[in-house]
Each structure stands twice: as C-alpha cells, then as structure tokens.
Amino acid sequence: MTLLYALGMTLTLLQVTGLMPYAGMACAVLAVMTVLLSAASLDSRAAWVLGSISAAAGVIWLIMGGYASVLDVMQALVLHMSGLHAALPLVAQETALLGCVLCGAASFFVTQRSAGPYPALVLVLLTVVLLWLADMPQTLWFLLPSVVASVTLLMQGSHEISALRVLPVAVTAVLLSFAGVAVGGAAVPPLKDAADSLRQRIYDMFLFTGSRDVFSLADVGYYPQGEGQLGGPAEPTEQQVMVVITPRKAYLRGTIKNVYTGRSWEDGTAGKRYLWEGLGFRSLRSTIFDMTLPQAADAAYGQLLEPRTLEIRMLGSSASSMFMPQRVRELTPQGDIVPYFNAGSEIFATRDLAIGDMWSVKAPLMVAGDAGMASLLARCETAADANWAAVNQDYRALPEHLEQEVFDVAYAAVAGAETPYEMAMALQQHLRTQYTYTLDAPVQPVDMDFVSTFLLLHKQGYCTHFASAMTVLCRMVGLPARYVEGFVATPDTTGEHAGMAVVTGKQGHAWTEVYFKGFGWLTFDATPTGAEVVYITPDQLEQSSAEEEAEPSPTPEPPQPSDTPAPDQTDAPTPTPSATPQPEDATPTPAPSDAPDAPAQQGPHDPTALIWWLLPALLIPAGLIGRILWMTPAWQSRRQKTEFGRWITWTQAAHDALRQLGLTRLPNETPMAFLARVDAEKCVPEVLSQLSGTESLMFYGHAIPVPEETRQSRHAFEIIRQQLNRRQRLRMALQRAFLSGKKWDITKA
C-alpha cells in the first residue's frame, strides 16, 4: 500500500511540474525507500539505526551544500507556479529527487494500520482539490495508484480483511469509475459554470501569484519615446476610461514609483501583494494608506479630514490597476473584482479591468493648498511617526549623475521657506510660474538626464516633466517624495450631471506625493493650473454616444449621480496621500488544519516508533536552515530598529566576505588603513573607499549613519560576495550562524 500510494503522489507531482522524464528514477527510489522503511518498522533497533543514519546523513548533506539545493528548488517551484517555467529545468533532477523522498516518507506514515484509512484519504482528496483549482483534470489519471491504495485501506479497515483480498476489488472499482467519467461523462453547463466561478474565486482569494498588467500613462498616449524614456511630444487619446461621481476634484492613482533612473521612474517597493480584506494585513494596510494619520488633529480639522464617497465605473478596458485616492478608508468592489494592494500603496484586481467594472471608495480628499493645511501640518511635526525612518530610506534616493546646477535650482526655490510644507509649496510655485506647459515637448536625448534637461535646457513640457522635476527637487532639499501616474476627475458643477466627471485619456496625469512627519502623504501638482488637462462633460459624452449608435458595442451610459453634496470648488490640486511599505507576510494562503494524532501502539513491532527517530532528521535540518537564514545580513538588517544597527549589519557582512578571501586586518591597523590596503591590492572591485571613511566617522567620530551610507555598505557587501565561490559562501554563512559574534567583530583586528 505504501509503494502504491507513493507512486500515485509522486507521478502526479512529476506531471504537474513537467518532470515526467524522471519517473523511472522516482520509481526506483520509492522502491528502495519502501523496503528500508518497512524493514525498520519491524524492529525498534532497526528503526533507531535507520533514524540515526538518516539524521546524520541529512545534516552532512546540508552542510556540504544541500541547503543551497533546497533553496534553489523552492525558488524554482515558486517561479514555476507564478508562470515562469524557465527556472525549474535547471534543477529538474534535484526537484524530482526531493519530491520523491518527501512523497515516499509521507506515504509510509499515512498508510500505516495505526494511522487508519482517513489520513491517506484526506491527502488524496486535498490533491484532487488542488488539481481542480489548477484546472488540470487530465492529471487525475496519474493519481490513480494513490486512489486505489486509499480505497483499499478504507475497505480493509471496515471489514478487517487482508489487503491482498481487497486490492483487486478496489482496482476494478476505481478503474471503472475513472473510465466512466472519461467515456460517458458530460458537463452540465450551469454546474460547470458554477464550478469554474468557484475555482476562480478561490484562486483570486488565496492563490493569486500570477503576473499582472500595471497601468502607465503610455496606455493613453504619453511616453512617445517608449516606456523606458520620458519626454517627447505627447498625443493623449480621447478614449473614454471611466465615469466618476465625486464631490470635488479627485486625483485617482494608478501606479506609484519611487526609483528615478535619469530616464524614467520605476517601482522598487511593490514586490509583494496582499489581499485587501485579509485579516492578517490590517495593520500593514493601515500603515500604507495613512489610516491612522494624522493623530495630532482635532475637531477643528474635521471637514478637512472627512472621508468623501467616490463611485467609479469603467467605460473602457484597462490594466489591473484600480483608480482611487490614497487614503482609502472603505473599499467596496462590485461583481467579481477581488482587490489586492502592495507595499507601494497600489490597489489592483486579479485581472485586467473591463467595461462595466464598478467600485466605490471612501477617502478624505485633501490637497496641498487647502485651507487649514499649513496649521495642521505644523501640529503634526512634533507627533510620533513610526513610519518616518522607513519613508526616508525608500523615498529620498537620487542618482549620482545629477548636476550641481539642478541642486542650485532646488535651493534657490526654497530660499526663505522655514517649514517642510513651505519648502514643498515653494517648489510647486516655482515650477508653475517659471516653466511652460506644452504637449509638443522636445524629444528627450537618451544620453541626458530627463529632469536636468527639462529644468536647465528646454524649460517646457507636460505633466510627466513637472511631476518628475517636483519629485526630484523635493528629494534634493530633504523631503521624501514619490512619482504618481493616474487620472484627474473634475466633476461637473451645474445641471443634472453635477458631481459627475467623465474621464478620458486626456485626463491622464502625473503628480507628486510628499510625506510629512506625523501626517503622511500629500499630493502636490506642479503642472501649471488649467493647462494640464482638457475635460469632457457628461453632456458631451451623451452627444458623442448618440453619434456612435451604429457601432456594435455602444458605450454604457454613465450611472445616475447619487445623493452627494455639491462639489467644493478649489484651485488647488486634490491630494492622494500614501504610505510606505514595511515587509510582512507574502501573498495570503489558506491556513493548514490540525489533523488528529494517530493512536500509538505498544510493543517492539510498533511501526510508529520510527516517527520518533525520523522527526529529528526533519526538525534538525529545518532548525539549521532556519538559523542560517536568520543570521543572513538581509534578515538581520530587517530586525534592526536604528539606522546604525542596519549600517553595522551590512558593514560586518562586508568584512565577513573579505575574510573568506583571506583579507583580514593586521594588528594595530585602523579600518581605514585596512580598506585602503585592500583597494590598493586590487583584490576586489574598488567599492571600499567610501566605506572606510564612513567606518572612521562611526567608530572614532561617533557619527550617526544615514540611509545612503547603509546602502553603500550593502552595495559593498554584494560586490565582494560576487567574488566568492560556492564553498566560500557556504563557509561564511555557517560562520555567521554558529560562531560567536565577538570573534568576528569588525572593531577587533
């Protein structure tokens, strides 16, 4: 029964992962494992010997590099499940062998008489459900041996007869059942549709790891020089995107980016995704979307902070990004939309948006320049803000190639400003008044910095020019800032369509969000007022729809306006604040259920006695791997609460890597002298000069490092680590995990 059950589980795994060429090897390994495990279960001394040998072999294998193979296999499987199939063939044999061993061991325990028939049956049913969720019914044929074994165990347990007598009946019944489904089965459309819908819902709620389309202004006619290069003459389309019911002008965010390359913007914070309704992510969601900020406000600012209701309905297809303000308090999607969010504060669906998709959202609509904003920010400056350090780390970085003249522009614009808010307002006003708006922007030279070219040479452009310049200039004067692309929805103010805005490609827009301590993110729009967009009214929408009645797929009529208050009129842009990421759990997965323990048997022939010797073989390697991962510089850095702690972690790691190359400090040699000697010997790339100066400041000048110096230390470690071979990397990981930290203290020679 063990061998039969293990064959079904292993063959199914190999089929799902595309590793069936290794089926012969898997069968041989399973046969040997079954013989050894069965023999050991007959005698307690044999179980003790086999358990000890297995534990020792497992530890030795891990130390000799097995842990790296396990990590490679896990990473390849994650990529494979995400739709990237190129990685798994590189570790195909290791994956097949590891899966075979795990399936064989699990099969042995679930098929023991003391375990009863139900663990084996439950495991088979779970596998069937997973195959159903993956829409792979054809793979069920490879699971047939496990089904036969499960049915045999069930029948044997019910009638207390020999498994050999039950097996032929079980084989016949299972084969007839499978054949009947394959030959005479017919799908009932309503049931099939319901099953497909349920499967998709489960996938969206718990298993969404696939790639997605991300919104970009390139979708509506910007980026004429390609998505990797800002600039050039833009031709925004008049294609209808959505209709929005809003009480005032609203900035609806699509994508948020924090890394400026000199040519375009990239998102360096959105690696993980989280279910919007996930109970385990409420704290993270609250942080990212400023749900608890500002804490220093009182009733006097109630109107400014009051959540407003917006209703959005798509008039055209779009990427998966859901357009909405940043400070989301409530989100109510319609239909089958399942919203997720990421650490960069984007909200998106598990599929591309389609015509008719709808959602409503409650959020306070605040903008830079609103009445009372200056006094509110002044009250927040002294408030505690646990997110402040992380924001400064992620949203103040600038490329090293920027000219001094650009810094001079920033400093001149904020001259006389006393508070961060006054500085940001001064930069916004400078760009609005000193630069010209035009869609016919000059072509951007690919070998020149985009912001520098706009500020110092061309001095004219459209929203992406102004937003990029505003974000860069804010960072130059010490303000955390990020770049945002989306749409501006300005509602009609009169008539039956008051409070409604029809958004087209011409309302595609870019702006800047600036973070203020104790308050969170606030939108600044540096594009000259009134020049950035051309609006279409609902009446014009009805007129254009009447002219296009002959088309086979007419545009849906916009929803009737709800009972919302008349829009507030303000000349200032509407904000979309946002928050900064902090690493947490990855995509949510269903929690495993606790299976009841099998009743223990007494006596020397108890097959479950082997469990007590094999458990250490699994737990000890798991503990060793956990310790090694726990002591990696990346994990150590995440646990640090201060910038000095993060800096010292990466600096220590850089010195650890140098030791693996035989480069150690001499007696009475200062850190600066040591690193200067390493640079002079050309043993590693020249990345240590800045690190040596920073070390001297930290140890002898008692200076406090800044995030940029921490990134320099991390960069130095990564460059040095590339010089190490596999054995040196393994030795460094083991030394960091199991040797005393004092022995490797970088302050000691």
Among R646, H715, E643, whose side-chain hydrogen bond (donor to acceptor under 3.5 Å, both in side chains) with T710 holds?
-> E643
Side chains of E485 and Y483: donor-acceptor distance under 3.5 Å anywhere?
-> yes
Take the angle between the ring planes of F454 and F466 and call it parallel below 30°, perpendicular above 60°, tilted in between.
-> perpendicular
Can you list the steps and then say if E346 with R212 is a salt bridge (charged side-chain N to carboxylate O under 4.0 Å, His left out)?
-> CA-CA 13 Å; E346 295 176 354; R212 70 179 187 92; 2.9 Å; yes
Which atom of C474 lies closest to which atom of V514, heavy atoms considered = SG-CG2, 3.8 Å
Side-chain donor-acceptor contact under 3.5 Å, D290 with Y515 | no
Mind checking whether H465 and Y437 have ring centres under 6.0 Å apart?
-> no
Pairs touching residues 433-445 that satisfy salt bridge (Lys or Arg N to Asp or Glu O under 4.0 Å), sequence neighbours left out = none
Geometric cation-pi criterion, R327 with F519: 6.0 Å, 45° = yes
Is there side-chain contact between N342 and K272, with heavy atoms separated by less than 4.5 Å?
-> no
Any donor-acceptor N or O pair under 3.5 Å, side chains W265, S468 | yes
Modelled atom types, side-chain donor and acceptor of T453 and Q444, under 3.5 Å | yes
Taking C-beta and beyond as the side chain, do V259 and D267 meet within less than 4.5 Å on heavy atoms?
-> no
Keeping to residues at least two apart or across chains, list the salt bridge (Lys or Arg N to Asp or Glu O under 4.0 Å) pairs with something in residues 357-369.
-> R351-D357
Any idea how Y462 and Y222 line up, ring-wise: parallel (<30°), tilted (30 to 60°), or perpendicular (>60°)?
-> tilted
F215 ring center near F323 ring center (under 6.0 Å) | yes
From the list V244, L217, V220, side-chain contact (heavy atoms from CB on, under 4.5 Å) with F487 holds only for V220
With no hydrogens and no angle check, do the side chains of S452 and E403 hold a donor and an acceptor under 3.5 Å apart?
-> yes
Ring pair (Phe, Tyr, Trp, His ring centres under 6.0 Å): which pairs involve residues 355-377, sequence neighbours left out?
-> none
Tightest non-hydrogen contact, residues L427 and A413, listed as CD2-CB, 3.7 Å
Check whether the side chains of Y395 and T471 place a donor and an acceptor atom closer than 3.5 Å, and report yes or no.
-> no
Anything under 30° is parallel, anything over 60° is perpendicular, the rest tilted; go ahead and classify Y340 against F348.
-> parallel
